[in-house]
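Below is one structure, written out as structure tokens, with a few remarks after it.
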Amino acid sequence: MPSEVAVHVVDDDVAVRKSLAFLLASEGLPVRLHESASAFLDEVVSAEAGCIVTDVRMPGIDGIELIRRLKERGITLPVIVITGHADVPMAVEAMKEGAIDFLEKPFGDEVFLATVREALSRHEKSSHQDAQVAQIQSRFEVLSERERQVLDGLVAGKANKVIAYDLGISPRTVEIYRANVMAKMQARSLSELVRLALLIHAG
């Protein structure tokens, strides 16, 4: 079960942590503070919700390594990196690793808050899509092997007669399997069935 949505601030500078915490709290955004990347990694779980704000340059595990370790664990929280002017190349590298944005110090409060809100919105949409794909996958798993073969044919754009020929069954039998697939997948049309099947493959 997902945790409460929170903005995770990861920074070894206590003054920065307190400043960002005050700013986020003043906007009613739940915040959790972490003094290092390793401390954060000790606490975070795959079901966490929200986003991460991290300094790119920290002792021990830096922001780039943090992103790599999150990916290894399958943790998909959006990451915003904070950087000093000299560390912009590191921030760009962090984005190549998967960070969604970087903020160069000094940055304005509104710029920071807008970036955080965008990250939270992105994660919410991603979580919703993940839940949708899981639901569709559960429907797909109740299909019989033959029904899946018919579905594959439909997704490939094949007519019933062609699917029947490929599988060595009659077109009428394909129609029955097709109706079963539509019912089990809860698809109201062939186009919706194809869209659901593609969502599974993409997920």
Side-chain angles (χ1 to χ4, degrees), residues 2-25 27 29-134 136-137 195 198-203:
S3 309
E4 178 191 11
V5 173
V7 181
H8 298 269
V9 177
V10 185
D11 200 305
D12 60 306
D13 187 326
V14 64
V16 171
R17 291 201 305 273
K18 287 183 176 179
S19 172
L20 295 181
F22 178 80
L23 180 58
L24 291 162
E27 292 293 308
L29 294 168
V31 58
R32 287 166 62 183
L33 304 179
H34 310 271
E35 63 184 11
S36 67
S38 57
F40 173 67
L41 288 167
D42 286 342
E43 295 177 34
V44 73
V45 294
S46 59
E48 291 283 357
C51 70
I52 301 166
V53 177
T54 180
D55 198 340
V56 73
R57 186 182 290 279
M58 294 182 289
I61 301 171
D62 64 21
I64 296 170
E65 182 62 23
L66 171 60
I67 294 168
R68 289 179 182 142
R69 296 199 186 188
L70 290 170
K71 283 198 293 188
E72 286 171 6
R73 295 189 188 185
I75 295 170
T76 57
L77 289 174
V79 179
I80 301 163
V81 296
I82 299 172
T83 175
H85 177 68
D87 297 329
V88 168
M90 284 182 73
V92 172
E93 186 180 348
M95 290 192 72
K96 289 178 180 175
E97 288 292 336
I100 65 163
D101 209 341
F102 72 86
L103 295 171
E104 190 178 351
K105 302 173 187 174
F107 45 80
D109 291 355
E110 283 308 312
V111 171
F112 174 73
L113 291 169
T115 306
V116 167
R117 288 195 189 98
E118 170 61 27
L120 291 172
S121 173
R122 185 181 298 202
H123 184 60
E124 185 180 356
K125 289 174 187 171
S126 174
S127 298
H128 176 73
Q129 185 171 10
D130 289 346
Q132 184 185 31
V133 170
I136 297 165
Q137 182 69 39
R195 182 180 64 80
L198 292 175
L199 265 178
I200 296 170
H201 293 313

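What you see is a predicted model, and the numbers here were worked out from it, not measured in a lab.
The two atoms that bring Ala6 and Arg32 nearest to each other are CB-CD, 3.9 Å, heavy atoms only. The two atoms that bring Val56 and Met90 nearest to each other are O-CE, 3.6 Å, heavy atoms only. Heavy atoms only, all atoms of each residue included: Val116 and Cys51 are closest at CG1-SG, 4.1 Å. Residues Ala91 and Val81 come closest through the heavy atom pair CB-CG2, 4.1 Å. The minimum heavy-atom distance between Ala119 and Ile100, with the atom names listed, is CB-CD1, 3.5 Å. When all heavy atoms of Gly63 and Met58 are compared, the pair lying nearest together is N-CE, 4.0 Å.
Atom OG1 of Thr54 and atom CD1 of Ile80 lie 10.5 Å apart (nearest 0.5 Å). Between the CD1 atom of Ile67 and the CD1 atom of Ile75 there is a distance of 12.5 Å, given to the nearest 0.5 Å. Rounding to the nearest 0.5 Å gives a distance of 9.5 Å between OG1 of Thr83 and CG of Leu103. In this structure, CG in Asp13 is found 10.5 Å from NZ in Lys18, a value given to the nearest 0.5 Å. Interatomic distance, Leu33 CG to Arg17 CZ, rounded to the nearest 0.5 Å: 6.5 Å. Note that the CG atom of Asp62 and the CG atom of Asp12 stand 11.0 Å from one another [nearest 0.5 Å].
Counting only residues at least two apart or on different chains, the side chain to side chain donor-acceptor pair (under 3.5 Å) pairs with a member in residues 110-119 are Glu27-Arg117.
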- Item | Val44 and His8: CA distance, side-chain angles, deciding distance, side chain to side chain contact (heavy atoms under 4.5 Å, CB included) verdict | CA-CA 10 Å; Val44 73; His8 298 269; 5.7 Å; no
- Task: Check the pair Leu23 / Phe112 against side chain to side chain contact (heavy atoms under 4.5 Å, CB included), numbers first and verdict last.
- Result: CA-CA 9 Å; Leu23 180 58; Phe112 174 73; 3.5 Å; yes
- Query: Can you list the steps and then say if Ile52 with Leu70 is a side chain to side chain contact (heavy atoms under 4.5 Å, CB included)?
  - Reply: CA-CA 11 Å; Ile52 301 166; Leu70 290 170; 3.4 Å; yes
- Message: Checking Val9 against Leu24 for the side chain to side chain contact (heavy atoms under 4.5 Å, CB included) test, could you report, in this order, the C-alpha distance in whole Å, the side-chain angles of both residues, the deciding distance, and whether it holds?
- Response: CA-CA 10 Å; Val9 177; Leu24 291 162; 3.9 Å; yes
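Other residues, nucleotides and ligands contribute more than 12 heavy atoms inside 6.0 Å of the NZ atom of Lys71.
The pair Glu65-Arg68 meets the salt-bridge criterion, with a side-chain N (NZ, NE, NH1 or NH2) lying under 4.0 Å from an Asp/Glu carboxylate O. A salt bridge links Asp55 with Lys105: the closest approach of a Lys/Arg side-chain nitrogen to an acidic carboxylate oxygen falls below 4.0 angstrom.
With contacts defined as side-chain heavy-atom distances shorter than 4.5 Å, the pair Val79/Leu66 does not qualify.
For Arg73 (side chain) and Leu41 (main-chain N/O), a donor-acceptor pair under 3.5 Å exists by modelled atom type.
In this structure, His34 and Phe40 have perpendicular ring planes: the angle between them is above 60°, well past the 30° mark.
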